[in-house]
Amino acid sequence: LAPTDRERAFLRAVEALWGDGERPARAAAFADEMAKVAAAYPDDDEAQTFYALALLATLPRGDASVPIREKAGRIAEAVFARNPKHPGAAHLILHAYDHAALAPRGLAAARAYAAIAPAASHALHMPAHFFVQLGYWREAADSDEASWKASVAWSARRRQPVTTHDFHSLVWWQYELTQLGQFERAQEVAREVD
């Protein structure tokens, strides 16, 4: 059994997430439980970031998601302001604000996230979501080139097959190069799948 009230609160949230029912109902129950944890521990960065994560798990599609995205983003931004090297806070800001109406709010986290987790392919790729939406094509291409190379290096270190490479970032990188008018380089990048 969990020895502290905080740990028991986190476990109740996990039980709600992985308990009975369909995924949307479980995600909502997880968010409700994490709201309680966050309220009980307002200075606890992990309680706050997991609450933001729980909110993001409830997102509807399209513009209906904006109010929840804003709420989750504000929570993650408060953690990021206290601890600008918190990888979860930076990551969740990016997922929260990954919407055309909110993208400018994620720019600071986009510029910081890759430095927080420089060997993580996803951390290197996520900033590109913002750079593309804001028209920063060179920064986007640099992000996705770094992301692709990190995924290849990760696979090589672990002797994993080519299927573990981050082809998502590769496709983005090729697109970004075409937007920069670097068509020959974009073709070279496309041949990386050979």
Side-chain angles (χ1 to χ4, degrees), residues 13 17 23-24 27-28 30-31 34-35 37-38 42 44-154 164-177 179-180:
L17 179 61
R23 186 200 167 283
F30 177 53
M34 283 311 307
V37 177
D44 184 325
D45 288 350
E46 305 320 308
Q48 300 306 312
T49 53
F50 274 97
Y51 179 36
L53 175 65
L55 288 170
L56 293 175
T58 69
L59 289 180
R61 292 198 177 271
D63 291 342
S65 70
V66 169
I68 298 169
R69 287 177 178 280
E70 288 179 316
K71 184 175 183 177
R74 283 192 306 272
I75 293 165
E77 281 180 316
V79 173
F80 190 63
R82 286 192 299 273
N83 181 357
K85 293 189 177 189
H86 192 291
H91 188 195
L92 293 171
I93 289 168
L94 297 182
H95 280 286
Y97 294 152
D98 192 5
H99 184 285
L102 304 174
R105 295 187 197 178
L107 194 54
R111 291 208 163 111
Y113 191 32
I116 294 170
S121 178
H122 186 67
L124 296 168
H125 165 70
M126 277 304 296
H129 283 244
F130 292 81
F131 300 147
V132 164
Q133 290 184 74
L134 299 170
Y136 300 145
W137 295 106
R138 177 76 270 151
E139 289 177 85
D142 291 346
S143 289
D144 283 315
E145 178 180 11
S147 176
W148 169 253
K149 289 178 177 179
S151 78
V152 171
W154 181 91
T164 63
H165 295 177
D166 182 16
F167 289 97
H168 177 73
S169 63
L170 182 72
V171 170
W172 277 56
W173 181 23
Q174 184 200 23
Y175 173 68
E176 292 147 1
L177 289 169
Q179 294 302 309
L180 289 165

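Remember, it's a predicted structure, so these values are computed and weren't measured experimentally.
- One finds the CG atom of L170 at 15.5 Å from the OH atom of Y175 (value rounded to the nearest 0.5 Å).
- Of the inter-residue distances, the one linking W173 atom CH2 with E145 atom CD reads 4.0 Å to the nearest 0.5 angstrom.
- For the pair H99/D63, a side-chain contact is recorded, criterion being any heavy-atom separation below 4.5 Å from C-beta on.
- In this structure, A27 and A57 approach most closely via the heavy-atom pair CB-O, 3.7 Å.
- Closest approach of A119 to A150, counting heavy atoms only: O-CB, 4.0 Å.
- Legend: side-chain hydrogen bond (donor to acceptor under 3.5 Å, both in side chains) pairs involving residues 47-62, not counting sequence neighbours, sorted by first then second residue: Y51-K71.
- We find the CG-CD1 distance between L107 and I93 to be 11.5 Å, quoted to the nearest 0.5 Å.
- Side-chain atoms of Q133 and D98 form a donor-acceptor pair, as typed in the model, at a separation below 3.5 Å.
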Item to check | Evaluation steps, ring pair (Phe, Tyr, Trp, His ring centres under 6.0 Å), between H86 and F80 | outcome: CA-CA 6 Å; H86 192 291; F80 190 63; 9.0 Å; no
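- Of the residues listed (I75, V79, L56), the one engaging L92 in a side-chain contact (heavy atoms from CB on, under 4.5 Å) is L56, and it is the only one.
- Contact check for V132 versus W172: side-chain heavy atoms found under the 4.5 Å cut-off.
- Electrostatic pairing of R138 and E176 does not count as a salt bridge here, judged by no charged N lying under 4.0 Å from a carboxylate O.
- For the salt bridge (Lys or Arg N to Asp or Glu O under 4.0 Å) test, residues two or more places apart in sequence or in another chain that qualify with D45 are R82.
- Side-chain contact between S169 and L124: absent, with no pair of heavy atoms (C-beta onward) separated by less than 4.5 Å.
- The distance from atom NZ of K85 to atom CD1 of I116, rounded to the nearest 0.5 Å, is 8.5 Å.
- Side-chain contact, Y97 with E77: a donor N or O sits under 3.5 Å from an acceptor N or O.
- With H122 as reference, H95 is the one residue of H168, H129, H95 to meet the ring pair (Phe, Tyr, Trp, His ring centres under 6.0 Å) rule.
- For the residue pair S147 / D166, a side-chain donor-acceptor distance below 3.5 Å is found, with atom types taken as modelled.
- Within the model, atoms OG of S121 and CE of M126 stand 12.0 Å from one another, a figure rounded to the nearest 0.5 Å.
- Sorted by first then second residue, the salt bridge (Lys or Arg N to Asp or Glu O under 4.0 Å) pairs that include residues 112-129, not counting sequence neighbours, number zero.
- Minimum heavy-atom separation, S65 to P60: CB-O, 3.2 Å.
- Judged purely by atom type and a 3.5 angstrom limit, H165 has no side-chain atom pairing as donor or acceptor with the backbone of F167.
- For the atom pair L17 CG and M34 CE, the distance stands at 10.5 Å (nearest 0.5 Å).
- A 4.5 Å side-chain heavy-atom check between K149 and W154 finds every atom pair outside the cut-off.
- Here the shortest heavy-atom pairing between A13 and F30 reads O-CD1, 3.2 Å.
- Annotation: side chain of P127 is in contact with side chain of F131 (closest heavy-atom distance under 4.5 Å).
- Residues H91 and P87 fail the side-chain proximity criterion, which asks for heavy atoms closer than 4.5 Å.
- Heavy-atom minimum distance, L94 versus F130: O-CZ, 3.0 Å.
- Annotation: cation-pi geometry satisfied between R111 and Y136 (NZ/CZ under 6.0 angstrom from ring centroid, within 45° of ring axis).
- In terms of heavy-atom proximity, A128 sits nearest to D144 at CB-OD2, 3.2 Å.
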